[in-house]
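Note: hydrogens, waters and symmetry copies are ignored here, and every other heavy atom, side chains too, is used. Keep in mind that this is a model prediction, so the values were computed, not measured.
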Amino acid sequence: MNSDTITNAQLQNWESFCSHIGDWHGSWTVYNLEGELIRSHECVRSFHLSSDGSQMNHQNYSTYADGTNKLETYGPHKKPHLRSLHVNDSFSWGSQELKPGSAFFFETGFKHQDRRRSAVARYNENGTLDILIISEHLGSKVNEPPIPPANQFSGWRGIEIKMTPDCIVSSPAPSSWVQLEDLNENYLSLHLKDGVSISIPQDIKSETKFFLAVEWLVNPNLLFRGIRHFDVSRFTSFTLEKFQR
């Protein structure tokens, strides 16, 4: 297929991306590998569509504890070419393959009504691992009450959808509940701020299959889980699981 060919799958991915239009006021919190808070700052992520609908303008306006500010501009993202995958109010993007001596990162997140949550992990060149949790609310900052980890609830029933790197989405299929920690007992699993949990390798080795899992307990009766899958060479698919009880 010609690289300039636009597919219906790409157009649907773009339309799903456009559901995130607006100013998302959030807290960006960095944790260590024990789940302890290291630092935090405020950030407004803004996504605004051009008047002709052909591109999305994206800016991040950050405010730090010392009072300094920083404005960063990305894109603009031109329809329908995106590095990110979007399906049913979930999104995921990041490194497509593991390259020796290079950093490797991903972000996976979810939107529910006027709230968004996402997790970012970055495997640095020096072997360290950074974990960032982003909690956002559309239009203004809102402090929400804490919620217990998902593993304190039972009776989950789920469905899953798979999405390939070229934006092809599968039909929904039943998904059995497995606690996040049990997906791989050797992975680093942390339950962090605002109902967000992760399960990821502490280090990634080349020539091995692995996955990167993020979940958000929206409320005691609704949970989203997103998993990025990699084979021995590169990213192969993104799975969105939606559980209810």
Side-chain angles (χ1 to χ4, degrees), residues 3 13 17 20 26-41 43 45 58 60 62 70 72-75 77 81-87 90-110 116-136 162-168 180-193 196-216 224-241:
S3 60
N13 191 52
F17 173 48
H20 295 268
S27 297
W28 294 39
T29 307
V30 177
Y31 293 88
N32 64 18
L33 303 191
E34 286 71 48
E36 300 168 333
L37 189 151
I38 300 299
R39 62 185 180 275
S40 182
H41 73 274
C43 181
R45 284 201 279 192
H58 172 194
N60 288 2
S62 298
K70 181 168 69 172
E72 298 170 290
T73 300
Y74 302 93
H77 308 294
H81 304 288
L82 296 170
R83 294 177 59 194
S84 50
L85 298 178
H86 299 263
V87 58
S90 70
F91 58 94
S92 189
W93 71 295
S95 302
Q96 297 291 302
E97 58 185 319
L98 185 65
K99 297 179 180 179
S102 299
F104 178 94
F105 81 97
F106 79 95
E107 178 183 11
T108 292
F110 317 93
R116 296 204 321 172
R117 298 288 186 274
S118 66
V120 179
R122 178 182 170 90
Y123 297 80
N124 299 302
E125 296 93 328
N126 62 3
T128 59
L129 172 59
D130 298 324
I131 298 170
L132 167 68
I133 302 300
I134 303 174
S135 301
E136 297 172 307
K162 294 184 182 294
M163 192 173 191
T164 63
D166 55 358
C167 303
I168 302 298
L180 191 69
E181 298 89 335
D182 295 333
L183 294 177
N184 188 317
E185 295 180 355
N186 296 318
Y187 278 20
L188 172 67
S189 296
L190 297 173
H191 298 284
L192 300 167
K193 183 181 179 183
V196 179
S197 303
I198 64 169
S199 183
I200 58 176
Q202 290 206 41
D203 62 271
I204 300 176
K205 298 179 174 61
S206 59
E207 302 302 318
T208 59
K209 293 183 179 181
F210 63 95
F211 66 83
L212 307 160
V214 176
E215 68 179 29
W216 176 27
F224 295 121
R225 178 181 289 168
I227 306 176
R228 291 177 67 85
H229 300 274
F230 290 77
D231 63 14
V232 295
S233 60
R234 61 186 296 106
F235 173 63
T236 58
S237 66
F238 172 69
T239 300
L240 169 66
E241 295 177 300

**OP:** Using atom types as modelled and distance alone, determine if a side-chain donor or acceptor of Asn124 lies under 3.5 Å from a backbone N or O of Gly127.
**Re:** no
Original post:
Do you know the tightest heavy-atom contact between Gly226 and Phe110?
Top reply: N-CZ, 3.4 Å
Original post:
Just by distance, do the side chain of Ser40 and the backbone of Trp28 share a donor-acceptor pair under 3.5 Å?
Top reply: yes
**OP:** Can you measure from CD1 (Ile131) to CD1 (Ile38) and round to the nearest 0.5 angstrom?
**Re:** 10.0 Å
**OP:** Return the set of residues passing side-chain hydrogen bond (donor to acceptor under 3.5 Å, both in side chains) with Lys193 (not counting sequence neighbours), or none when no residue passes.
**Re:** none
**OP:** Kindly give the heavy-atom pair with the smallest separation between His191 and Ser197, and that separation in Å.
**Re:** ND1-OG, 2.6 Å
Subject >> Straight-line distance of Ser199 OG to Glu185 CD, nearest 0.5 Å >> reply: 10.5 Å
Original post:
Which residues pass the ring pair (Phe, Tyr, Trp, His ring centres under 6.0 Å) test with His20, sequence neighbours left out?
Top reply: His86, Phe91
Subject >> Test ring pair (Phe, Tyr, Trp, His ring centres under 6.0 Å) applied to Phe211 - qualifying residues, sequence neighbours left out >> reply: Tyr187
Subject >> Nearest atoms (heavy-atom pairs only) where Ser84 meets Asn13 >> reply: O-ND2, 3.0 Å
Subject >> Nearest-0.5 Å distance, OG of residue Ser92 to CD of residue Glu107 >> reply: 8.0 Å
Subject >> Set of ring pair (Phe, Tyr, Trp, His ring centres under 6.0 Å) partners for Phe235, sequence neighbours left out >> reply: Phe230
**OP:** Find the distance between SG (Cys43) and CD1 (Ile134) and round it off to the nearest 0.5 Å.
**Re:** 7.5 Å
**OP:** Specify whether Phe105 and Trp93 have parallel, tilted or perpendicular ring planes, treating 30° as the upper limit for parallel and 60° as the lower limit for perpendicular.
**Re:** perpendicular
**OP:** Look up atom CG in Asp203 and atom CG in Leu188, then write down how far apart they are to the nearest 0.5 Å.
**Re:** 10.5 Å
**OP:** Determine which pairs satisfy salt bridge (charged side-chain N to carboxylate O under 4.0 Å, His left out) with at least one residue from residues 207-216, sequence neighbours left out, and list them in order.
**Re:** Glu215-Arg225
Original post:
Side chains of His58 and Asn60: donor-acceptor distance under 3.5 Å anywhere?
Top reply: yes
Subject >> Closest approach of Ala213 to Ile200 (non-hydrogen atoms, all atoms of both residues) >> reply: N-CG2, 4.2 Å
Original post:
Does any pair with a residue in residues 126-135 pass salt bridge (charged side-chain N to carboxylate O under 4.0 Å, His left out), and if so which ones, sequence neighbours excluded?
Top reply: none
Original post:
Sub-3.5 Å donor-acceptor pair from the side chain of Ser27 to the main-chain atoms of Ser135, do we have one?
Top reply: no
Original post:
What distance separates Glu136 CD from Ser118 OG, expressed to the nearest 0.5 Å?
Top reply: 6.0 Å
